[in-house]
S.K.: 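Pasting a structure here, questions to come.
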There are 2 protein chains.
Amino acid sequence: MSHPTLEDVAARAGVSRALVSLVMRGSPKVGKERREAVLEAARELGYRPNVMARSLAAGRTGMVGLLADLHDPACAALHDGMAEAAARRSVRLLLVGGGGRPARERAALHQLLDLRPDGVLLANPRSSASDIERAAGTCPLAVVGRSPRSARLDGVTGDDAAAVELAVSHLAALGHRDIACLSLSPRPPASLRNAYAAAMRDAGLGDRPIARDLLAPPAPEDGGRAGAWRPSEPFSAAVAIGDATGAGALAALGRTGLRVPGDVSLVVVGDPPGAAAIGVTTVAPPPRELGRAAMELLLDRIGGERPEEGRRITVPPLVVGRPSTAPPA
Amino acid sequence: MSHPTLEDVAARAGVSRALVSLVMRGSPKVGKERREAVLEAARELGYRPNVMARSLAAGRTGMVGLLADLHDPACAALHDGMAEAAARRSVRLLLVGGGGRPARERAALHQLLDLRPDGVLLANPRSSASDIERAAGTCPLAVVGRSPRSARLDGVTGDDAAAVELAVSHLAALGHRDIACLSLSPRPPASLRNAYAAAMRDAGLGDRPIARDLLAPPAPEDGGRAGAWRPSEPFSAAVAIGDATGAGALAALGRTGLRVPGDVSLVVVGDPPGAAAIGVTTVAPPPRELGRAAMELLLDRIGGERPEEGRRITVPPLVVGRPSTAPPA
DNA sequence: GTGAAAGCGCTAACAT
DNA sequence: ATGTTAGCGCTTTCAC
């Protein structure tokens with residue numbers, strides 16, 4: 001028999017279906033005698049409860065859905081943290097791949113909600129605020145990675161400003177004094193500019209404007225040849241804000257004769273793909289921790305807490321030291 | 001109403017439940033009039049069919065489960081290929097994270113099977129052959145990434161020997177003549193040794209033994225200082241077999257004065273984490289293609305095909321050229 | 001074409 | 001402590 005049912009087990013153990021159901025759910029009010037008989041029969045038959053049937057009857061599914069982009073390298077650690085927290089409360093974690101594009105994510109979200117999970121976790125969602133709010137009307141929901149737009153939603157995020165400060169103080173502690181700050185964004189948020197300036201001040205250093213690129217193009221007389229790029233200002237270390245900026249900074253440095261970390265130390269605020277492989281120091285909230293916190297928020301809500309205001313958790317950043325940082329030459 | 005049911009829709013449209021069910025499943029034998037009324041009512045109510053109830057009644061869930069290790073960088077592309085093939089047949093793809101450790105994978109597999117998916121895909125499974133076979137007894141199953149032990153199971157894999165040959169011929173085409181071959185494995189499979197030898201012969205070159213390390217330690221008189229490692233044999237290019245070997249080779253080259261690709265070109269057979277970020281040329285089967293093929297195998301089986309012998313698909317390797325390879329100096 | 005009736009496998013009162 | 005009875009929301013014969 002490929003899929004024995006509760007009834008099969010009951011028949012084999014010589015008891016009623018309800019009794020088997022109680023045993024399977026570990027009810028304390030079943031005699032030791034019968035319990036063992038039931039367990040024995042179930043084992044012999046290779047019985048496994050049908051989650052669908054159970055959910056339908058119970059009105060809860062016992063599972064939490066995660067919508068995430070598998071291409072995000074932090075996704076695995078995020079999932080680990082969630083799985084860990086879920087396991088502690090014996091909740092099953094199911095993943096559907098959002099895949100980045102909003103249209104695909106929307107479809108995936110629907111697919112997830114159709115399963116009637118007890119709750120939903122959205123990792124770095126790209127969906128519209130209204131889609132997310134509609135979903136939240138359907139079942140408990142928490143957002144991780146970005147701040148949810150609606151104030152009623154629970155969310156777990158990192159703290160970019162704290163990360164910038166930490167990056168600067170890390171470099172300062174290493175002995176750097178000329179610490180530049182890079183951002184691809186044409187106008188970085190004031191919070192980040194302030195964080196950089198404040199951290200430099202705290203370290204007793206003077207800040208400079210946040211730049212999009214610290215390397216001036218080769219002078220015409222150089223003939224534009226590779227290797228002729230030079231720093232537009234002297235600096236021995238740089239903080240690149242954001243994954244894209246980090247990648248760009250590395251590429252830019254690669255075009256110069258500048259060695260990392262020999263000539264310049266580099267810290268990326270964020271967690272770009274391949275950071276570990278490339279050996280670049282990063283400052284970011286540990287994704288595992290983000291996941292754990294989000295799952296806990298969600299489980300609280302599933303457990304019955306229904307605060308009017310969404311709760312927000314901020315996970316402090318951590319420095320992951322890699323070979324791209326060293327004391328100045 | 002948070003979750004309107006079929007009945008709610010029926011009431012609103014003034015028809016019977018069965019009629020709504022037919023419409024929802026796109027049956028052709030419903031009058032245009034009533035169909036539109038039903039669709040309208042469903043839309044107004046925001047009706048979404050309950051997958052659980054539907055599966056329970058229909059005896060199929062319309063979903064396939066994927067068990068994969070999210071930490072595997074190829075996982076995302078694998079999933080994309082599967083999702084693409086699944087979407088064409090309107091099957092939902094659900095992921096549960098195996099997480100590498102066999103115990104955890106075992107639990108995840110059970111969790112997946114408890115959902116009664118129409119089929120299961122195992123990506124690089126570490127589970128025991130007996131666990132896998134037991135699972136295959138439960139529902140259609142296909143293995144991707146490794147060859148399934150049992151001959152009765154469907155499987156999709158790459159072709160390591162072909163990849164080695166392709167790597168060698170790629171380097172030969174670039175103009176390399178001294179092409180070494182590295183493997184961390186103490187005794188690489190004969191198929192790989194032969195593939196390397198054959199490819200060298202085809203290129204009109206002489207092969208050499210596969211080595212675990214091509215860099216001799218510094219001679220004692222050097223005082224063991226970094227940068228003193230030297231090639232134990234002259235070579236201008238190397239093929240590293242396997243992710244771990246690739247990482248090791250890069251690290252080893254990093255300890256020397258040897259530049260990549262200036263002094264030596266490197267090709268990794270496999271797809272180590274961060275290969276793209278690091279800029280190392282790889283030769284491997286495109287993971288997306290592996291996923292697509294596996295899903296198609298599975299859907300055939302779900303569709304009713306039940307060949308006695310498991311079917312095997314081999315996806316040919318592809319060269320992904322990156323900066324670690326260049327013509328010899 | 002349309003509706004009524006019988007489950008799918010399980011849980012959760014409610015009896016006993 | 002154990003069995004009985006209704007459903008959960010849907011699909012699927014089978015009559016009309």
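Proteins come first, then strands; the chains are lettered A, B, ... in the order of their sequence lines, and each starts at number 1.
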S.K.: Are a donor atom and an acceptor atom from the side chains of B:Ser21 and B:Arg25 found within less than 3.5 Å of each other?
M.R.: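 B:Arg25 and B:Ser21 do have a side-chain donor-acceptor pair below 3.5 Å.
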S.K.: It should be established whether A:Arg54 places a side-chain nitrogen or oxygen under 4.0 Å from OP1 or OP2 of nucleotide C:dG9.
M.R.: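 No.
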S.K.: Measuring to OP1 and OP2 of D:dT2, would you say a side-chain N or O of A:Arg35 lies under 4.0 angstrom away?
M.R.: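 Result: no.
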S.K.: Just how far, in rounded Å, is P of D:dC10 from CD of B:Glu7?
M.R.: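 Atom CD in B:Glu7 sits about 10 Å away from atom P in D:dC10.
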S.K.: Of all the nucleotides listed (C:dC10, D:dC8, D:dC10), which has the minimum atom distance to the side chain of A:Ala53?
M.R.: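 Of the options given, the side chain of A:Ala53 lies nearest C:dC10.
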S.K.: Closer than 4.0 Å, any side-chain N/O of B:Arg25 to the OP1 or OP2 of D:dT12?
M.R.: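 Answer yes for this pair, as a side-chain N or O of B:Arg25 is under 4.0 Å from OP1 or OP2.
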S.K.: Relative to the 5' end of DNA chain C, which residue comes earlier, A:Gly59 or B:Leu56, by the nucleotide with the nearest heavy atom?
M.R.: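 So the residue in question is B:Leu56.
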S.K.: Of all the nucleotides listed (D:dT11, D:dT2, D:dT12), which has the minimum atom distance to the side chain of B:Ala18?
M.R.: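 In terms of side-chain proximity for B:Ala18, the closest of D:dT11, D:dT2, D:dT12 is D:dT12.
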S.K.: If I take atom CG in residue B:Asp8 and atom C1' in nucleotide D:dC8, what distance separates them, rounded to the nearest angstrom?
M.R.: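 Atom-to-atom, B:Asp8 to D:dC8, this comes out as 13 Å.
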S.K.: Can you tell me if the side-chain N/O atoms of B:Ser21 get under 4.0 Å from OP1 or OP2 in D:dC10?
M.R.: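 No, outside the criterion.
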S.K.: Of the nucleotides C:dG9, D:dC10, C:dG3, which one has an atom closest to the side chain of B:Val15?
M.R.: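 Of the candidates, C:dG3 comes closest.
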S.K.: Nearest of D:dG3, C:dT2, D:dC8 to any side-chain atom of B:Leu19?
M.R.: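 Between D:dG3, C:dT2, D:dC8, the one nearest the side chain of B:Leu19 would be C:dT2.
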S.K.: Rounding to a whole Å, what distance do you find between B:His3:NE2 and D:dC10:C1'?
M.R.: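 Rounded to whole Å, this separation is 15 Å.
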S.K.: I need the A:Arg134 CZ to A:His110 NE2 distance, nearest 0.5 Å.
M.R.: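 So the CZ of A:Arg134 and the NE2 of A:His110 are separated by 7.0 Å.
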S.K.: Could you state the CG-P distance from B:Leu6 to C:dG3, rounded to the nearest angstrom?
M.R.: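 It is 13 Å, rounded to the nearest whole Å.
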S.K.: So if I take every side-chain heavy atom of B:Ala58 and compare against D:dC10, C:dT2, D:dT12, which nucleotide ends up nearest?
M.R.: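 Between D:dC10, C:dT2, D:dT12, the one nearest the side chain of B:Ala58 would be D:dT12.
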S.K.: Taking the minimum atom-to-atom distance to the side chain of B:Tyr47, which one of C:dT11, D:dG3, D:dC10 wins?
M.R.: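 Side chain of B:Tyr47 sits closest to D:dC10.
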S.K.: Counting side-chain heavy atoms from C-beta on, which of C:dG3, C:dT11, D:dG3 comes nearest to A:Arg17?
M.R.: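 Looking only at heavy atoms from C-beta outward on A:Arg17, the closest nucleotide is C:dT11.
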S.K.: Determine whether a donor-acceptor pair (N or O, by modelled atom type, separation under 3.5 Å) exists between the side chain of B:Ser55 and the backbone of B:Val51.
M.R.: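 Side chain of B:Ser55 to backbone of B:Val51, a donor-acceptor pair under 3.5 Å: yes, one is there.
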S.K.: So if I take every side-chain heavy atom of A:Thr5 and compare against C:dC10, D:dC10, D:dT12, which nucleotide ends up nearest?
M.R.: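 Closest nucleotide to the A:Thr5 side chain: C:dC10.
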S.K.: Nearest whole angstrom, please: distance from the C1' of C:dA15 to the CG of A:Leu22.
M.R.: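 A:Leu22 atom CG is separated from C:dA15 atom C1' by 14 Å.
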